[in-house]
Amino acid sequence: MWGGRFAAGPDAVLEAINASIDFDKRLYAQDIRGSKAHVAMLAAQGIVTKADAKAISEGLDAILKEIEAGSFTFTRALEDIHLNIEARLTERIGAAGGRLHTARSRNDQVATDIRLWVRDTIDDLDVMLADLQKALAEKATEHAATVMPGFTHLQSAQPVTFGHHLLAYVEMIGRDRGRFRDARARLNESPLGAAALAGTSFPIDRQATAKALGFARPMANSLDAVSSRDFALEVMAAASIAATHLSRFAEEIVIWSTPQFGFVTLSDAFTTGSSIMPQKKNPDAAELVRGKSGRVIGHLIGLLMVMKGLPLAYSKDMQEDKEGLFDALDTLALTVAAMTGMVLDMVPNGQAMKRAAGAGYATATDLADWLVRELGLPFREAHHVTGKLVGMAVERSVPLERLTLDDMQSAEPRITDAVFDVLGVTKSVKSRTSYGGTAPKNVKAEAKRWLKQLAKG
Ligand code: ARG
């Protein structure tokens, strides 16, 4: 009736909006794994015959091979991966194929498939994140005593070591891995057998399918099983936090590799040139790690928006979970790989870092601490005296250690020559031996601890 106004017929539009095969074909291996577990259980429970189950299982194996060989034809008219595989099964083995879907719905099937996929994917991610930690911890060992400026507000604060800075990211990534591990434990329950939403009257064995698929247990509530995507949200939240860590590090690499900072040189393998400016070496990989974090976070927000208004149980809106989830985890994996490559190749410029570490009166705190330690001044007073001396040095445009003893004594008469000992950046970092501090010996020990832990896997 309204066809005159529409260029495409309604069926074509429906197919376009409804079909998920273009992206959910990626779940084929998990779908087949789930179906094989399901049919084995149906046979064990006497719901289908052993002969039918065997034909179905072998048919599924053959379809797996077809898909992996690239000879399987995916059809949009068949909507999704579940129906594509089932239709092909019946084509191959005849009517028995139609028995696979007994006591099952696409609702519990797809929930099972995604959980399996997420589990596989975060297991791979864990290995990649551990590799990045290892690359960082190794660099940290090498540069446990390499002095660089430490910043707050991106202003010179106190000298730190490059190794210490890298180990900060090792810690963050350690927590990222922990978040994925926690999410994994929570998502590792089987929705299979919840059927469409209410369970089934067939005498199925959900414990058996859960066990066969490596799940810790079946999900206890059929409505929850088919309508929850909090596991995907949780994993994307973990991914967003990890991406944020990588993005902060990427930003630092972008800054450090400018000629103005010159703290690190990136390898040719992770930089690009300019088509017009011959001198350029751009940190594209780092910029993209930074940029792509936005994409990961966007996908988390996207799915939160999809889910927030959905009544129980399944609604087709939930089909929108996949593209964002896939892309979020693909993107994170890619950025982790890029970061690992950059770290392995990155060459720090110790001299430039050390020079910069002394700029901006970064050892002023060391001077104040000396006044407290050696002269017994209350810290607030020491802060004030040091502030005066910094002001004096600023006025003369010299570093603190170039003030004379007379200058020093004009602010606090009891200051002695010994004060000059603490004004150097190397001394400064060496003195920061408190637990978790930047002293090279701490950094060496921490890097060693991490490398030992990472070797254990
Ligand atoms: N392709 C669907 C999805 O990804 C599978 C579940 C379809 N269920 C349904 N009741 N139409 O969500």
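We count ligands from 1, going down the list as the structure has it; atoms in each ligand are counted the same way. Basis for what follows: all heavy atoms, side chains included, without hydrogens, waters or symmetry-related copies.
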Notebook entry, point to check: In chain order, what residues pass the side chain to side chain contact (heavy atoms under 4.5 Å, CB included) check against His82, with sequence neighbours excluded?
Noted result: Asp31, Asp80, Arg106, Gln109, Val110, Asp113
Check: Looking at Phe263, Trp256, Phe151, which one forms a ring-ring contact (aromatic ring centres under 6.0 Å, His included) with His165?
Finding: Trp256
Donor-acceptor contacts, no H, no angles, side chain residues 336-345, under 3.5 Å, sequence neighbours left out:
unit_1, atom_1, unit_2, atom_2, d
Thr340, OG1, Val336, O, 2.8
Asp345, OD2, Ser267, OG, 2.7

Next item on the list: Flag the pair Glu91 / Glu86 as yes when at least one side-chain heavy-atom distance between them is below 4.5 Å, and no otherwise.
Entry: no
Show the atom names and distances, to 0.1 Å, of all donor-acceptor pairs under 3.5 Å that link a side chain in residues 319-326 to residues at least two apart or in another chain.
unit_1, atom_1, unit_2, atom_2, d
Gln319, OE1, Ser20, OG, 3.3
Gln319, NE2, Asn18, O, 2.9
Asp321, OD2, Arg229, NE, 2.7

Notebook entry, point to check: Donor-acceptor pair, Asp205 side chain versus Ala208 backbone, under 3.5 Å?
Noted result: yes
Pick out the protein N or O atoms lying less than 3.5 Å from any N or O of ligand 1, and list each pair with its distance.
unit_1, atom_1, unit_2, atom_2, d
ligand 1, 1 (N), Ser20, OG, 3.3
ligand 1, 1 (N), Asp80, OD2, 2.9
ligand 1, 1 (N), Gln319, OE1, 2.8
ligand 1, 4 (O), Lys322, NZ, 2.4
ligand 1, 8 (N), Asn107, OD1, 2.8
ligand 1, 10 (N), Asn107, OD1, 3.0
ligand 1, 12 (O), Tyr314, OH, 2.4

